[in-house]
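For reference, the structure is listed below as structure tokens.
Order of the sequence lines sets the chain letters (A, B, ...), proteins ahead of strands, with each chain counted from 1. Here the structure is a predicted model, which means the values were calculated and not measured.
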2 protein chains.
Amino acid sequence: MGTTQLQSVPEPKYWHLKTVIGEALDSEFQVGQILPNERELAARFGVARATLRQALEQLELEGRLQRRRGVGTTVAPPRVGVDVSTAQHRWPGTGDDSWQAVDCATTPPPAAVLRLLEADDTDPDTGTGASRPVYAVRRLRATHGQALAAEQLYVPAASVPGLVTDESLTGPALARGVLRELERLPLEGQDRSVELGSARADDAKELDRLPGAPVLVVTTRYLSGGRTAAVSVATYRADTCRLTFGDVGDLQIAS
Amino acid sequence: MGTTQLQSVPEPKYWHLKTVIGEALDSEFQVGQILPNERELAARFGVARATLRQALEQLELEGRLQRRRGVGTTVAPPRVGVDVSTAQHRWPGTGDDSWQAVDCATTPPPAAVLRLLEADDTDPDTGTGASRPVYAVRRLRATHGQALAAEQLYVPAASVPGLVTDESLTGPALARGVLRELERLPLEGQDRSVELGSARADDAKELDRLPGAPVLVVTTRYLSGGRTAAVSVATYRADTCRLTFGDVGDLQIAS
DNA sequence: GAGTGGTCTAGACCACCAT
DNA sequence: TGGTGGTCTAGACCACTCA
């Protein structure tokens with residue numbers, strides 16, 4: 001038959017929808033403005049609700065929309081630039097009030113973290129358990145009342161020799177005590193990695209997201225005295241955060 | 001009625017599924033092994049295919065699974081650590097064969113990039129167009145034949161004054177020429193940001209993914225002579241890449 | 001051509017938030 | 001209590017890969 005194929009390789013509907021809605025966001029909507037609900041939007045575009053949701057999910061992933069159950073879908077503000085630079089060799093949170101210590105436990109860290117912590121602990125000496133227990137400090141990072149990240153900072157006891165382990169020290173106070181002692185160590189370097197993950201239930205709750213929400217997982221190894229003095233696993237909200245590594249230093253400051 | 005509520009707040013089925021399958025991956029499967037197809041898995045777990053797919057999507061997002069249309073679902077290898085460190089003040093790809101120049105065009109860059117390029121171009125002098133045209137160099141980064149990232153490197157003409165603009169220079173050759181000239185500039189610093197994005201159609205094709213696939217967008221501003229000499233926008237496959245910022249430097253090398 | 005994952009539908013019910 | 005987004009179902013068809 002001589003029917004000419006107008007769209008030989010048609011793009012998926014949800015992809016086209018995403019483009020259309022994305023353009024509408026630029027031209028017709030303002031930050032914070034509420035969109036029509038999903039059922040109406042689906043009807044308006046003549047698609048099933050599931051298809052519309054696929055488009056909205058993409059836009060939310062890109063940080064352009066914010067959806068909250070029971071409330072609605074709103075236009076998200078531009079992503080917040082969050083400094084996670086490694087240029088200044090400082091302990092995390094030093095001279096920076098954006099981190100807040102929340103709790104501290106001594107539950108054994110996950111196997112992956114243990115590998116990082118004990119990689120250089122097993123070789124030099126014979127004993128392995130010298131650095132136990134490992135303090136697990138829980139911290140939150142926020143700006144303008146908005147939760148950005150939840151962190152689990154693992155500190156082996158060997159890194160905080162001066163810590164008084166008084167039993168009366170409860171969670172938050174113990175957390176601050178561990179941090180205070182940690183800052184006394186000379187920080188010699190750090191290496192860091194960033195990868196995509198999905199929020200565990202506890203992280204999700206503190207980040208005001210649903211479990212499984214996309215997060216940027218920043219893993220940092222802090223080095224002091226040739227050893228791994230601490231390991232931090234921080235999960236940043238991927239929808240609202242843009243991680244910045246301001247490496248410019250002197251040049252930027254001079255201008 | 002006296003029916004006791006066994007699960008007062010039951011977690012979503014797909015979340016539970018994800019956990020179960022994830023544990024199975026650890027204990028019963030090997031990297032590269034192929035899973036039963038989605039219809040069978042859904043039947044085996046007694047859920048709809050869409051629900052099963054929600055769990056698989058999460059596992060793929062976390063880099064634990066790899067799905068390919070027409071082929072099947074396989075167990076993914078651990079993520080590749082990709083160095084994107086800013087510690088060495090070098091131009092991208094110098095002394096590193098993982099980047100390969102593909103093409104070069106002079107199409108105007110997107111507005112967001114233009115803002116970065118011309119921020120310090122408008123103030124000092126009166127003229128603005130001094131740095132036009134802007135070369136858009138296209139490069140790919142790969143290891144072991146596996147595409148990791150696609151980059152768009154924007155270089156204002158002002159940054160490569162020695163470039164001979166012969167019309168016979170085709171795309172790839174022009175790209176290499178621009179890079180060669182760029183490397184002659186003294187690199188004074190760079191700042192960088194990482195955020196979550198979804199792959200544009202062209203990036204997706206070169207990364208062997210579907211459009212919309214999650215990517216880590218690394219934006220870098222290269223500074224030379226107090227100016228922004230180039231801007232790079234690189235999209236890394238979020239499922240297979242873990243970006244590493246090896247800041248340890250001397251200490252790590254010495255050990 | 002058989003089998004895979006990708007897209008899409010038209011419903012239903014649930015958890016949550018505001019009023 | 002009404003409205004929102006979140007979950008789930010049971011189908012259907014399509015695009016792709018490979019033998």
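Side-chain atoms of A:Thr240 and A:Arg79 form no donor-acceptor pair, as typed in the model, at a separation below 3.5 Å.
When distances run from any side-chain atom of B:Tyr14 to the nucleotides D:dC8, D:dT9, D:dG6, the shortest one goes to D:dC8. With D:dT9, C:dC8, D:dC8 as the choices, the nucleotide that has an atom nearest any side-chain atom of B:Pro12 turns out to be D:dC8. When distances are taken from the side chain of B:Glu38 to each of D:dT9, C:dG5, C:dC8, the shortest belongs to C:dG5. Checking C:dT7, D:dC18, D:dT7 against the side-chain heavy atoms of B:Arg53 singles out C:dT7 as nearest. With C:dG6, D:dA10, D:dG6 as the choices, the nucleotide that has an atom nearest any side-chain atom of B:Ala48 turns out to be D:dA10. Of the listed nucleotides (C:dT7, D:dT4, C:dT9), D:dT4 has the atom at the smallest distance from the side chain of A:Asn37.
Using a 4.0 Å heavy-atom cutoff across all strands shown, A:Arg68 reaches sugar-phosphate atoms only and no base atom. Residue A:Leu56 is classed as having no contact, given no heavy-atom separation below 4.0 Å to the nucleic acid.
The CD-C1' distance, from B:Glu57 to C:dG5, rounds to 11 Å in whole Å. The distance between atom CZ of B:Arg49 and atom P of C:dT9, rounded to the nearest whole Å, is 16 Å. Computed from coordinates, the A:Asp208 CG to D:dG6 P distance equals 12 Å when rounded to whole Å. Summarising the geometry, the separation between NE2 on B:His16 and C1' on D:dC8 is reported as 16 Å, rounded to the nearest angstrom.
Contact between the side-chain N/O atoms of B:Arg67 and the OP1/OP2 oxygens of C:dT4 is not found at any separation under 4.0 Å. One finds no side-chain N or O of A:Thr51 lying less than 4.0 angstrom from the OP1 or OP2 phosphate oxygen of C:dT7. A sub-4.0 Å separation between OP1 or OP2 of D:dT4 and a side-chain N or O of A:Thr73 is absent.
No more than 12 heavy atoms of other residues, nucleotides or ligands lie within 6.0 Å of CZ in B:Arg68, so this atom counts as exposed by the packing criterion. Within a 6.0 Å radius of CG in B:Asp208, other residues, nucleotides and ligands contribute 12 heavy atoms or fewer.
A donor-acceptor contact under 3.5 Å is not formed by the side chain of A:Arg69 with the base of D:dG3. Residue B:Arg39 places no side-chain atom within donor-acceptor reach of the base of C:dG3, judged by atom type and a 3.5 Å distance cut-off alone.
Residue-to-nucleotide proximity on DNA chain D shows that, of B:Ala50 and A:Gly70, the 5′-proximal contact is made by A:Gly70.
Between B:Leu61 and B:Asp239 the shortest side-chain heavy-atom distance does not fall below 4.5 Å.
Here A:Tyr154 and A:Tyr135 keep their ring centres 6.0 angstrom or further from each other.
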